[in-house]
Amino acid sequence: MNRKDKKRQSDIRDSKSAIWGGRFTSGPAQIMEQINSSVGFDQRLYNQDIAASKAHSSMLTDQKIISKKVGSAISDGLDTIQKEIENGTFEFSNALEDIHMNIESRLSELIGDGAGRLHTARSRNDQVATDFRLWVRDAIDITDAALMRLQEILISRAEEHSDTIMPGYTHLQTAQPVTLGHHLLAYVEMIGRDRGRAKDCRGRLNECPLGSGALAGTSFPIDRVKTAFLLGFDNPMANSMDGVSDRDFALEYLSFASIVGIHLSRLSEELVIWSNPSFGFVSLPDTFSTGSSMLPQKRNPDAAELVRAKTGRIIGALNSLLIVMKGLPLTYSKDMQEDKEPVFDTADTLELCLYTMATMLSEIKFNPAPMMEAAINGNSNAIDLADWLVKALGKPFREAHLITGSLVKIAEDRECKLEELSLKDMQAVDNEITEDVFRVLKLEISINSRNSFGGTAPANVRVACGVARSKYL
Ligand code: ARG
């Protein structure tokens with residue numbers, strides 16, 4: 001290289017370090033450490049890593065692959081490490097990459113050479129797959145408990161409002177009167193399905209990858225059933241290559257979480273609408289709303305809006321892991337280290353959202369008067385009139401629909417309610433109509449008549465609350 005070329009290259013280097021700033025000045029080794037290290041986030045797996053290592057070491061001892069003496073030194077050392085991590089004295093090192101290497105390295109400081117025997121018949125590939133499954137399993141249990149708590153609050157509020165009348169909507173246009181209790185119980189059912197998905201996901205993930213080795217199994221006489229059993233798994237995974245490369249369980253957890261997020265987001269959206277003063281159906285507790293820095297009359301439903309928005313983040317996490325996994329050949333690739341942050345973030349976000357929603361719903365004030373007012377104003381009893389024409393006068397439903405439509409138009413033109421038309425007005429449209437029709441136009445009667453299975457009648461709602469209690473709580 002001549003002098004001119006050398007000068008040009010050093011100019012390029014200088015301009016690069018100006019671009020990258022001071023963070024990468026010490027060269028490739030440091031850049032590698034920065035991109036490669038996961039201990040900053042995967043230290044959250046420490047409990048699972050220690051439990052899995054203890055199970056592995058106990059199995060190695062029972063199988064006489066390591067001595068009892070080494071086995072018990074490993075177990076004591078791991079207990080010490082657990083305490084150090086819990087009391088904050090453990091020193092995590094980025095140079096040691098991840099939680100697995102950090103723990104193993106500390107173990108060898110504590111017990112010496114014996115630590116090196118722990119990794120017999122094991123690879124970080126089956127180790128991380130096992131730890132992560134255990135972590136996701138715990139996360140599912142925590143989410144399920146939070147979902148049940150939310151169901152409990154919804155059921156109590158539904159019992160309280162089994163006969164509170166509100167407008168039911170389709171296309172967000174007033175459709176038919178419903179009871180608030182019935183509306184709230186719809187969410188209890190949605191959450192019931194979420195919990196079903198959690199259970200399915202937990203059942204499928206509860207197989208143990210430990211003992212898969214790097215990918216092909218091992219020549220040591222290990223007992224995979226024993227380690228699986230010690231860690232609360234139902235059985236060992238059947239195929240070692242699948243064992244180290246599968247992340248379906250994380251994808252399933254994120255899919256389940258995304259659907260929960262969607263349900264919470266829909267409920268949030270309803271609270272945002274219902275708390276708008278034009279509706280006035282709910283008053284949010286002071287603790288869950290904020291004022292505007294400029295407009296003194298405002299009470300903003302921030303908590304509901306944030307739960308709605310955080311759903312985007314959960315769906316984003318699902319997307320990100322789907323994309324990480326989609327082109328990976330079997331078996332393990334380092335890409336899979338990117339599986340943890342979306343899952344950790346989702347578990348934290350979901351817990352926060354469920355806690356927020358449960359607390360908000362238990363404190364929210366429902367306002368029956370504006371709900372009733374809105375139900376009356378929307379002529380939501382039009383279907384009762386049409387049904388009466390069918391039942392009392394034997395008309396085909398399509399004709400009844402037409403007659404009712406004409407009567408609604410007349411009421412709208414006169415700016416009155418359907419039940420405020422006179423019998424003469426009604427008979428002008430269809431002369432067979434009798435005085436009896438006015439009975440079915442009362443909202444209370446309309447609501448009570450919706451007593452088919454799964455319908456909105458207060459009597460149904462009271463029974464449904466009891467059924468939901470025994471089914472879900
Ligand atoms: N930190 C790694 C991860 O989370 C552990 C597995 C590393 N395995 C390997 N062969 N480099 O994926």
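Start at 1 and go down the list; that is how both ligands and their atoms are numbered. Fair warning: this is a prediction, and the values are worked out from it, not measured in the lab.
Proximity to Q337 (heavy-atom distance under 4.0 Å) selects the following atoms of ligand 1: 1 (N), 2 (C), 3 (C), 4 (O), 12 (O). For ligand 1, the atoms sitting less than 4.0 Å from at least one non-hydrogen atom of N125 are 8 (N), 9 (C), 10 (N), numbered in the order shown with element in parentheses. For ligand 1 and S38, the ligand atoms under 4.0 Å from any heavy atom of the residue are 1 (N). Heavy-atom contacts of K340 reach the following atoms of ligand 1: 3 (C), 4 (O), 12 (O) (cutoff under 4.0 Å). Of all atoms in ligand 1, numbered sequentially from 1 with element shown, those under 4.0 Å from a heavy atom of D98 are 1 (N), 2 (C), 5 (C).
Inspection of the Q43 and D98 side chains reveals no N or O donor paired with an N or O acceptor under 3.5 Å. With 3.5 Å as the limit, one finds a donor-acceptor pair spanning the side chains of H161 and T164. Looking at N94 and E33, their side chains never bring a donor and an acceptor atom within 3.5 Å of each other. Checked by atom type, the side-chain pair R195/T143 shows no donor-acceptor distance below 3.5 Å. A side-chain N or O of E270 and one of Y187 form a donor-acceptor pair less than 3.5 Å apart.
In terms of polar-atom proximity, defined here as any N/O pair under 3.5 Å, H100 makes no such contact with ligand 1. Any N or O atom pair closer than 3.5 Å counts here, and Y332 shares at least one such pair with ligand 1.
Residue Q127 places every heavy atom at 4.0 Å or more from ligand 1.
Ring-plane geometry between W274 and F281 is classed as tilted, the angle between the planes lying from 30 to 60 degrees on a 0 to 90 degree scale.
Salt bridge present: E97 and R124 bring a charged side-chain N and a carboxylate O closer than 4.0 Å.
Among protein heavy atoms, atom 11 (N) of ligand 1 sits closest to R124 NH2, 3.6 Å.
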